[in-house]
Amino acid sequence: MEKEFEENLERGLKERHIQLIALGGAIGVGLFLGSATAIKTAGPALLLSYVIAGIFILFIMRSLGELAVAYPISGSFSAYANKFLGPLAGYITGWTYWFMWVVTCMAEITAVGVYINFWLPEVPQWVPALLALVAMTVINIIAVAAFGEFEFWFALIKVTTIIVMIVLGGLMICVGLGNEGIAIGFSNLVSNGGFFPMGLGGIGMSLVMVMFAFVGIELIGVTAGEAQHPEKTIPAAINKVVWRILIFYIGALTVIMCLYPWNQLGTIGSPFVLTFKKLGISAAAGIINFVVLTAALSSCNSGIFSTGRMLYNLSLQGKAPAFFGKLSKNRVPVSGILVSFFFLFIGVVLNYLVPAQVFVYVTSVGTIAALWVWAVIVLVQLKFRQRLTLEEVSQLKYPALLYPFSNWATLVFLVFVLIVMAFDPGTRVALYIGPLWFGFLVMCYYAFGLNEPASTFTSRNLN
């Protein structure tokens, strides 16, 4: 077996951990605070956007599942790309995913300071941000089971909040709970310009935001290297997580757009806060602030986990310094975690020092990174399947859906999302910064001799 497929990590993640890690990764702060922006783009038709995006996310995840069951390793799509698309593709994918999580965590950990200021305005924002970063790093260093347990409870808080909101909101809609017994009904879905107030163009533009709402779901692939019984837990997690995310997003957004006219949501605050206040819960703002705080901590926790594992596997590929491949006595890639911590610490400092626009440019790489990783997953699965005989295909434990139609349809869809990004000033910057990032990686690849055989690359090449 290839060296990058020979990992020695502790398999301490249970099925419940993996399911909640994937759920937590894809249900973020955006749903609780930023859903109004997506609603303004498409109106009630945003629900259809989630159905369309969900179909392609399912195709991507089933492709990843086929690979993850065959090769259950933490390097996941980076190691798969190295084997089936070539060393350069594996190198670009691994470092791009690492950088995506670093910049995501920079933003999330900085947001922790803002959320804590809601209760403790006299405390400087950098203090809780730094404390949270240290705490999440220590949790990840202890053991993978500690990471899994914290992530399970972080995600459960978000999921519980959404379920409560859907149930109570549904009662408001159907029987008038909190509205003097007068059922609110579903008229708001069609009474303000119809179900498609922004036309098909609104659906197209909203697909960018909707697709990036799913970023983090691919963490299932990274957890495969430390999953107990991956041949069972990975398929079970993928089968359940896509539908659960769709239900949570579509359910929550349906409730929100039934309770409030969609064209007013951008001006009246968080829909979740409004809904809980309408039920007479005076502490609604504090409750949602606590939820988004745990969402930010969850993102940082997942980011430190995935960055450490990606650096670990890149070192096995010979595409990162050799010391990243060393494990602690608990079989945790401590070196990768600590280096990621160092960059996150710098990022938190810079986030306070540099102009906001500079940080927008850096984080825009994360936008392109998600599209790149998803495209690599379906391409790798395509190459993987082409190498198999008919007998080997029949023996696959968790085959992808509708191969090869789903692969080509998904690639076309991802290109469409990339094109749509050019029409939105907020995402257009990613189309400028992304190529610069990939160009920088390719330059380093050849400058540091990473195109040489893996066995010849050590940390000395970076000196």
Side-chain angles (χ1 to χ4, degrees), residues 26-58 162 165-179 182-215 243 245-279 288 367 412-430:
I27 299 175
V29 173
L31 178 60
F32 299 101
L33 298 181
S35 51
T37 304
I39 291 171
K40 285 177 67 177
T41 303
L46 179 66
L47 301 177
L48 183 58
S49 300
Y50 270 96
V51 173
I52 294 170
I55 291 170
F56 288 102
I57 289 294
L58 179 61
I162 295 169
M165 195 264 199
I166 292 173
V167 171
L168 296 181
L171 291 173
M172 293 171 72
I173 294 166
C174 298
V175 300
L177 177 69
N179 197 43
I182 302 171
I184 293 173
F186 297 88
S187 60
N188 275 333
L189 290 178
V190 294
S191 61
N192 298 284
F195 189 76
F196 298 92
M198 309 303 289
L200 293 178
I203 294 177
M205 294 299 292
S206 69
L207 280 171
V208 176
M209 285 178 275
V210 170
M211 282 300 287
F212 292 118
F214 286 96
V215 171
W243 302 114
I245 289 172
L246 280 174
I247 290 169
F248 291 149
Y249 268 111
I250 293 174
L253 292 171
T254 299
V255 167
I256 288 168
M257 289 187 285
C258 284
L259 296 180
Y260 306 99
W262 70 269
N263 52 1
Q264 295 179 18
L265 283 170
T267 59
I268 54 178
S270 164
F272 275 76
V273 173
L274 292 168
T275 301
F276 285 135
K277 279 187 174 179
K278 200 164 189 172
L279 289 163
I288 298 304
T367 308
V412 169
F413 179 74
L414 293 177
V415 170
F416 170 76
V417 171
L418 194 67
I419 293 170
V420 171
M421 286 171 61
F423 294 90
D424 185 343
T427 54
R428 191 182 303 144
V429 65

Taking all non-hydrogen atoms of both residues, which atom of [X] and which atom of [Y] are closest, and how far apart?
X: Cys258; Y: Ile173; value: CB-CD1, 3.5 Å
X: Ala183; Y: Cys174; value: CB-O, 3.3 Å
X: Lys40; Y: Met198; value: O-CG, 4.2 Å
X: Ala45; Y: Ile203; value: CB-CG1, 3.9 Å
X: Ala252; Y: Phe272; value: CB-CZ, 4.1 Å
X: Ile247; Y: Ile166; value: O-CD1, 4.2 Å

How about [X] and [Y]: do any of their side-chain heavy atoms sit closer than 4.5 Å?
X: Asp424; Y: Met205; result: yes
X: Met421; Y: Phe212; result: yes
X: Val420; Y: Leu207; result: no
X: Trp243; Y: Leu58; result: yes
X: Phe186; Y: Val190; result: no

Residue pair Thr41, Leu46: steps toward the side-chain contact (heavy atoms from CB on, under 4.5 Å) verdict: CA-CA 8 Å; Thr41 303; Leu46 179 66; over 6 Å; no
Hey, could you give me the [atom1]/[atom2] distance between [X] and [Y], rounded to the nearest 0.5 Å?
X: Ile184; Y: Leu259; atom1: CD1; atom2: CG; value: 5.0 Å
X: Leu48; Y: Ser206; atom1: CG; atom2: OG; value: 8.5 Å
X: Thr367; Y: Arg428; atom1: OG1; atom2: CZ; value: 14.0 Å
X: Ile57; Y: Ile52; atom1: CD1; atom2: CD1; value: 13.0 Å
X: Met211; Y: Leu414; atom1: CE; atom2: CG; value: 5.5 Å

Can a donor-acceptor pair be found, under 3.5 Å and without considering hydrogens, that links the side chain of Tyr260 to the backbone of Thr275?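 The answer is yes, because a donor-acceptor pair under 3.5 Å joins these two groups.
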Could you work out, with side-chain contact (heavy atoms from CB on, under 4.5 Å) as the rule, every residue matching Asn192, not counting sequence neighbours?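 Asn192 satisfies side-chain contact (heavy atoms from CB on, under 4.5 Å) with Asn188, Pro261, Trp262, Asn263 only.
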Given the rule in the side-chain contact (heavy atoms from CB on, under 4.5 Å) test, do Met172 and Val255 qualify, once you have shown the distances and angles that lead to the verdict? CA-CA 9 Å; Met172 293 171 72; Val255 167; over 6 Å; no
With side-chain contact (heavy atoms from CB on, under 4.5 Å) as the test, would you mind laying out the steps for Leu246 and Val51 before giving the verdict? CA-CA 7 Å; Leu246 280 174; Val51 173; 5.7 Å; no
Aromatic rings Phe214 and Tyr249: how do their planes relate, parallel, tilted or perpendicular, breaks at 30° and 60°?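 Phe214 and Tyr249: tilted rings.
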Taking only residues two or more places apart in sequence, or in another chain, which ones meet Phe413 in a ring-ring contact (aromatic ring centres under 6.0 Å, His included)? Phe56
